[in-house]
Amino acid sequence: MLLNPKTLKNSPPQRQFIFIQEGHLQEAPTVRNLLRQIDPVPHETHCQLILARFIQDDAIYALPVVNDNRKTIGLLDRKHFIEFFSKPYSLEIFGRRPIQELIVYQEYKNLPPIIVDESCTIEDIAQIIIDAGMQHMVTGFVVSSQGRYLGIANGHDLLNIITQRKQAELYYLAHYDNLTGLPNRMLLCDRLEQACRDAQRKSSLVALLFIDIDRFKHINDSLGHSAGDAILRKIAERLKDVARRTDTVARLAGDEFVILMEDFMDSTMIDMLAQRLRDCVQTPIEMFGHSLVVTVSIGSALYPNDDTSFSPLLAKADAAMYEVKSSGRNGYRAYSASTIMYNPASMLIENDLRLAIERNELVLHFQPQIDLISHAICGVEALVRWNHPQQGLVSPAEFIPIAEESGLIVPLGEWVLCEALRQLKIWQELGIPPIRVSVNMSALQFNQRQFPSFLKARLEEFQVNPQQLELELTESLLMHNVDDVLLTLQEIKQLGVSLAIDDFGTGFSSLSYLRRFPIDRLKIDQSFVRDIEQTPVNESIARSIVALANSLSLEIIAEGIETQSEQAILKHMGCTEGQGYLFAKPLSVNELINWFRNHQEI
């Protein structure tokens, strides 16, 4: 069947773009990027020759058949083709006959090929395959140019392109600030590491300038958050204008900016840049008919004089900036040995977090996981919350990064695991039907050599069925030190514990490794679920992940389901389980038991 997107829509397909690096966009590729140069089969070729070709090269999934004008008339599916010739007498009867006779033979299950023009966009061919049937993910589709055979493309390659594009979008979201478009902390750290390596080779200097807007909270409270956002964007523009082209201007959070200054020899250049920054920022900003003057406090730290790694350098530049704040704001100071090292916010959280476990301030909330067909509960995900005595419920987004940086994530993760098992034991004693409890694992905790033995001891301590426990791991965790990871996974599986890959599709996993790992479940990341009904690429990725899970005999669950339409689409494509606000938010233990009762689960 000839399917050209130009005939499918009233208007040409819109061009879509992806971020590839700061300030640059790239046009979405066409199917020509997926082209494989496979010699087509002339229609008069004997069937026996093609059978031998399939047997000799098991990398060929399908072969296109062309007529004398090189127009595609069929697609030979390896699976059906070989199965047909495995029947008694088929080889004897059809072996010397031409391919064109077999294509029209009723008992040969030849699928009509998908034929697309070389200019077809990735989005269009993804939608075509969804509409035509996912079997074309394996057999592939034929690409033509002006009606003549050009090559064949594979559905798995299409999935890779779609996934790479989504990864590029996710990379941008992970490495750039959404409000200002500036690099964020993660990208700044990467660039600093590279700058330090270059400086070591050249014997040059690197500096971090920590810039904080004075009285920004007062500006936000007085003028509103929209005005505050406008000021942040304006300040970001001015910082970029003043910085050298080789410098990196980044936004960490709120009103905090950092400039990475590299490849210079004289530290007085930092003083000069700081002065230019102060002068430039103080130029009045016209807003609501008034001129608003903004000032900044700046602190700096120098590599290699003050420190040699990102976090200490940033902390020292931050401490120097706080000295400017405490001495009247609107100034600049370089770090020195006499600078008082402190960050009131993060250090307070870290210190309190160290005591939170002992003081019994941590609690687990549980988000139900639902069977999309029967609507029965099949599991819950354990999510840690911190009930701070002064600040109330602290968001995990505030304390988990600090726990990761400080190493507190290990005892925190151990507490979560023990508490989840303790809760399983309580539910068991209450007579609640067995359900699966999923617990997230940090890389630092998973990579502890003694973790499998720790897990075994806790399972024995709480006397719960190991099959009710599932550990959620990220793709990035699995892709480092693969042999060691595989050994740890096998030890965990021997205990009877289930394993899942969380946020699947957002990392850079290898299918060859995925086959080796003893994984039970893939979890579709919420970024692919959100607005799935309006985003064909998201639907294509989700559908492909479901197909991949089915081919590897893995269970599948989607997170972040918030609407009935998202649930319906995922259910239709074969996703069996889901979680999200459509079913329930994360619930306390008492709320979860009431939720069980309301849903007649006990």
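The figures that follow rest on heavy atoms only: side chains count, while hydrogens, waters and symmetry mates do not.
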Donor-acceptor check, side chain of [X] to backbone of [Y], threshold 3.5 angstrom: yes or no?
X: R251; Y: G254; result: yes
X: R244; Y: M261; result: no
X: D318; Y: L314; result: no
X: S540; Y: P536; result: yes
X: E566; Y: E562; result: yes
X: D177; Y: A250; result: no
X: N184; Y: L187; result: yes

salt_bridge([X], [Y]) N-O dist < 4.0 Å:
X: D247; Y: K240; value: no
X: E470; Y: K523; value: no
X: D483; Y: R516; value: yes

Test item: [X] and [Y] side chains (from C-beta on) under 4.5 Å apart, heavy atoms:
X: Q448; Y: F454; result: no
X: Q282; Y: N330; result: yes
X: H175; Y: P183; result: no
X: L486; Y: P518; result: yes

[atom1] of [X]: more than 12 outside heavy atoms within 6.0 angstrom?
X: Q490; atom1: CD; value: yes
X: R215; atom1: CZ; value: no
X: K234; atom1: NZ; value: no
X: M265; atom1: CE; value: yes
X: D266; atom1: CG; value: yes

Scan side-chain atoms only and decide if [X] and [Y] contain a donor-acceptor pair under the 3.5 Å cut-off.
X: Q275; Y: D279; answer: yes
X: D212; Y: S297; answer: no
X: R197; Y: Q194; answer: yes

> Aromatic rings F399 and W386: how do their planes relate, parallel, tilted or perpendicular, breaks at 30° and 60°?
Replying inline: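 F399 and W386: perpendicular rings.
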Considering non-hydrogen atoms only, spot the tightest contact between [X] and [Y] and give its length.
X: S145; Y: D117; answer: CA-OD1, 4.5 Å
X: L444; Y: G407; answer: CD2-CA, 4.0 Å
X: A301; Y: L313; answer: CB-O, 3.4 Å
X: L208; Y: A317; answer: O-CB, 3.7 Å
X: R233; Y: L179; answer: NH1-CD1, 2.9 Å
X: T180; Y: L232; answer: CG2-O, 4.1 Å

>> What verdict does the side-chain contact (heavy atoms from CB on, under 4.5 Å) test give for I213 and V294, after you've listed the backbone C-alpha separation in whole Å, the side-chain angles of each residue and the deciding distance to 0.1 Å?
In response: CA-CA 7 Å; I213 300 176; V294 176; 3.5 Å; yes
> Given the rule in the side-chain contact (heavy atoms from CB on, under 4.5 Å) test, do Y335 and E323 qualify, once you have shown the distances and angles that lead to the verdict?
Replying inline: CA-CA 9 Å; Y335 172 81; E323 286 196 345; over 6 Å; no
> Going through the checks in order, is the side-chain contact (heavy atoms from CB on, under 4.5 Å) test met by I409 and Q445?
Replying inline: CA-CA 7 Å; I409 195 68; Q445 182 183 8; 5.7 Å; no
> Passes side-chain contact (heavy atoms from CB on, under 4.5 Å), L489 versus L473? Steps please.
Replying inline: CA-CA 10 Å; L489 292 177; L473 316 167; 3.4 Å; yes
> How many angstroms lie between CG in L292 and CD1 in I231, if you round to the nearest 0.5 Å?
Replying inline: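 The distance works out to 5.0 Å.
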